[in-house]
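A short worksheet on the structure shown next.
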Amino acid sequence: MDALYSALEPKLRERGQWELFEEIELPLCRCLAEMELAGCRVDSKALSDFGGLLSRRAEELESDIYRLADGEFNINSPKQLGEVLFDRLGLSHGKKTKTGWSTNADVLEKLRGEHPVADAVLEYRQLTKLKSTYADGLLKALDPDGRVRTSFQMTVTATGRLSSTEPNLQNIPTRTDLGSEIRRMFVPEAGNVLVDADYSQIELRLLAHISGDEGMRAAFLSGGDFHAETASRVFGVERKDVTHEMRRRAKAVNFGIVYGISAFSLSQDIGTTQKEAKAYMDAYFATFPGVRAYMDRVVEQARTDGYVETLYHRRRDLPELSSSNFNLRSFGERVALNMPIQGTAADVMKLAMIAVWKRLKAELTQARLVLQVHDELIVECPAADAEKASTLLKEEMEGVAQLSVPLTADAHWGKNWLEAKG
DNA sequence: TCGATCACGC
DNA sequence: CCCTGACGTGATCGAT
């Protein structure tokens, strides 16, 4: 230990990362260890019943697909599926992969009007994914005491996020009604509840803070619906005249900006022409000029330094920026834009976890942190402590960093993870 | 065993 | 014009 400290401490200090180590990474270790040890209780009966339901429905779809395709084949093989769809049935193909025509969800959705088998395959894919990865996967990982225990990795991601393996509890379905049923099967011990608290728009708030863009800061300070506020400013209409479609498009632009999106991908996202998507991006940058200035600044700085860093000095090296390969260089630029935002969000969440963990130890000894999903924390506690735990989570998550825009978190509780999501 | 494809999360 | 959204994990296929 002494040898490691004497070798590594000066290196960290030189890079301005000693505080990152002492105040974030090191104290987080114990917190994560306790979370891993606590695990999450799963209703195994409900899970295995659900698995049975999925199997039966997948089997029905399987025979539908064989009938519609006029022959049997391995639906799980993209190669065989592609041959059936594009060679035998002659359906129109979209983009290519390295090995043939793509059969991904994007492509199948476009084929919906062309042949009923597309819809059947989409549904088949959803069911078999839920069955194999979640129903079977979680049952396989179940410990004898009825709890699943993930492993949180601190040294895997390039941005400072955690990752979760064996089982991955950071990608439990939420998007579809059928998929989110899996969350209903994450339950507390008898007499307990699950409390779920999540940051609202943390990455966009950090973009507003870090870029210092006045318009974007004002949109958050107004306390309203941020995507609708964005739409109002970008489309130049009164807040009350923002349509559902305008909000949807503004949301897609907000989302894409954080990742360094192109006009092409944005147009794919919102279903417009590339020209129209570019017009939205231009309007966005005209509305929030500080964001564009920040993006130019961060890429320029990254080219000079060879790395980017978060507010807490977590660093990512970017050798890609000096590549002669256009695609690789472009990738480096997108990473330079995204890492400081995503990474600072990860830093903030880690600080919040440490703060929550300390206060729970002092004030709610029966409560324990059980999961983290990037912008969301889940605590299991006695039902009688639900209100206190919710308040504690909200206070610590919101108070952990002082930004030039409000940092807000919402907390709910329930008798399972789905309910606790609120 | 491993790369490719696909699909789930944020 | 290049070619096209960050970060992850896991199941499955199929070539080796």
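The sequence lines fix the lettering, A, B, ..., with proteins before strands; numbering per chain opens at 1.
- When heavy atoms are screened at a 4.0 angstrom cut-off, A/Ala105 is found touching the sugar-phosphate backbone but no base atom.
- Within the 4.0 angstrom heavy-atom criterion, only backbone atoms of the sugar-phosphate kind lie near A/Asn74; the bases stay farther away.
- Using a 4.0 Å cut-off between a side-chain N of Lys or Arg and a carboxylate O of Asp or Glu, A/Arg57 and A/Glu60 do not qualify as a salt bridge.
- Summarising the geometry of A/Ile270 relative to A/Ala252, their closest heavy-atom pair is CG2-CB, 3.2 Å, with the distance given to 0.1 Å.
- Remark: A/Lys79 is not in phosphate contact with C/dC13, judged by side-chain N or O atoms under 4.0 Å from OP1 or OP2.
- A/Tyr199 comes within 4.0 angstrom of no nucleic acid atom, judged by non-hydrogen atoms across all strands.
- Between C/dC1 and B/dA7, the distance separating the two P atoms is 32 Å to the nearest Å.
- Residue A/Arg329 is out of contact with every strand shown, counting any heavy-atom pair closer than 4.0 Å.
- Residue contacts for A/Val156: at a heavy-atom cut-off of 4.0 Å it reaches the sugar-phosphate backbone alone, with no base atom in range.
- Taking side-chain N and O atoms only, A/Arg334 has a distance below 4.0 Å to OP1 or OP2 of C/dA6.
- Looking at heavy-atom distances under 4.0 Å, A/Gln80 makes contact with sugar-phosphate atoms alone, never a base.
- Spacing of C1' atoms, C/dA6 relative to B/dG3, comes out at 23 Å, to the nearest Å.
- Within the 4.0 angstrom heavy-atom criterion, base atoms lie near A/Lys129.
- For A/Thr103 and B/dT5, the shortest distance from a side-chain N or O to OP1 or OP2 is not below 4.0 Å.
- Counting any heavy atom pair closer than 4.0 Å across all strands shown, A/Gln274 reaches a base atom.
- Phosphate contact (OP1/OP2 of B/dT5, side-chain N/O of A/Thr97, threshold under 4.0 Å): present.
- Taking atom C1' in both C/dC3 and B/dC6, the straight-line distance is 22 Å, to the nearest Å.
- Checked against a 6.0 Å centroid threshold, the rings of A/Tyr284 and A/Tyr280 do not count as neighbours.
- A/Ile172 comes within 4.0 angstrom of sugar-phosphate atoms only, judged by non-hydrogen atoms across all strands, and of no base.
- Side-chain nitrogen and oxygen atoms of A/Ser77 include none within less than 4.0 Å of the OP1 or OP2 phosphate oxygen of C/dT12.
- The side chain of A/Thr159 contributes no N or O atom lying less than 4.0 Å from OP1 or OP2 of C/dG8.
- Nearest heavy-atom pair, A/Leu371 versus A/Phe152, reported as atom, atom and distance to 0.1 Å: CD2-CZ, 4.1 Å.
- Regarding A/Asn76, its CG atom lies at a distance of 13 Å from the C1' atom of C/dG14, rounded to whole Å.
- At C/dT9, one or more side-chain N or O atoms of A/Ser163 fall inside 4.0 Å of OP1 or OP2 (strictly under the cut-off).
- Nearest to the side chain of A/Thr165, among C/dG10, B/dC10, C/dC2, sits C/dG10.
- Among the protein residues, A/Ser330 comes within range of no part of the nucleic acid, since none of its heavy atoms lies under 4.0 Å from any strand.
- Under 4.0 Å is where a charged nitrogen must lie from a carboxylate oxygen, and between A/Glu300 and A/Arg297 no such pair does.
- Residue-level contact check: A/Arg161 touches the bases, meaning some heavy atom is under 4.0 Å from a base atom.
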